[in-house]
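First the structure, in the form of structure tokens, and then the observations on it.
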Amino acid sequence: MGHLDHATYGWLTPVLSYAMACIGAALALRCTVRALEATGRSRRNWLLTAASANGTGIWTMHFVGMLGFGVTGTDIRYDVPLTLLSLVVAMAVVGIGVFAVGYGRDRSRSLLIGGLTTGIGVASMHYMGMAALRLHGQVSYDPALVALSVVCAVAAATAALWAALNIHRPAAVAVASAVMGAAVSSMHYTGMFAVGIEVTPSTTPLTGASAMQFIFPLAVGLGSYLFITSAFVALSPTAGERAAYASAGRLTEPDERAVDVAPPGFRPGPAPASAQSYAAPGRPAGPVHDPAGTHDAPV
């Protein structure tokens, strides 16, 4: 049995993976809150952003943690297509959960279905990522710890969706995100402790990409996406702020329906000099005879 090291870089990878999980959870909460305040296309777009943010956060947490994973006696490579598929699965199952909550009429039922579906999906993403490992040896799992990791995933997903429905204040969202990040990280490391590897020494080159060739650049790119999305969400006005802006705009705009009506009894004063009739020198002002005989015009 090969020795498994879950922190080859010390506390760096566990702390970073936890931070990614917290950021993804916080973004998903804020986006879901915005979605519940919106309607139509705006609600759909906020829910899609929530799904991509939380799915990306969970996936990045998993593979940042895997950067610190090592096995004595063998190198580790990753199957690129299967690893990318695990990212798609993560975003898809989180999307099912947030859309169930965002559009469900019965909140208790939506919470149950969304939490169960998302939790099982997140656990599937984890073990799909583990199946992408390529090494010299045989991987085995402790069934009890695998079951416990699935329970952790379902509990974390259900808690996340419940928080999205019930927590709205920024301070409460921060606390909930920290708790959810801890729950997701617990699921990951419970699943990792379920792993056992029987190393088979071999000189055959492994297929796939190394962690630094593939996982590290992808994790950095997805982490950047999370930070950019955080800035977008922070700068986007809420529904209440947009309503306040619209109300203020209506108050400052002139009323085009207003008509300048003179009050009863009003008589205009004498016309200004520029508007008075012009009379040539030595000739009285008055009507001028029209040669055509059609009308008289003042001069």
Check: OH of Tyr9: more than 12 outside heavy atoms within 6.0 angstrom?
Finding: no

Next item on the list: Kindly check if the number of other-residue, nucleotide or ligand heavy atoms within 6.0 Å of CZ (Phe216) is above 12?
Entry: no

Between [X] and [Y], is there shared hydrophobic-cluster membership here, with clusters defined by ILVMFWY side-chain heavy atoms closer than 4.5 Å?
X      : Y      : answer
Met66  : Phe214 : yes
Leu16  : Tyr18  : no
Leu133 : Leu84  : yes
Ile167 : Leu165 : yes

Checklist line | Spacing of CD1 belonging to Ile197 relative to CG belonging to Leu4, to within rounding of 0.5 Å | finding: 4.5 Å

Side-chain donor-acceptor contact under 3.5 Å, [X] with [Y]:
X      : Y      : answer
Tyr225 : Ser52  : yes
Thr204 : Ser202 : yes
Thr32  : Trp46  : no

Checklist line | Hydrophobic cluster partners of Trp11 (side-chain heavy atoms under 4.5 Å) | finding: Val15

Check: By the rule that ILVMFWY residues connect when side-chain heavy atoms come within less than 4.5 angstrom, directly or transitively, which residues belong alongside Leu148?
Finding: Leu145, Tyr189, Phe193

Check: With Arg77, which residues qualify under salt bridge (charged side-chain N to carboxylate O under 4.0 Å, His left out), at least two apart?
Finding: none

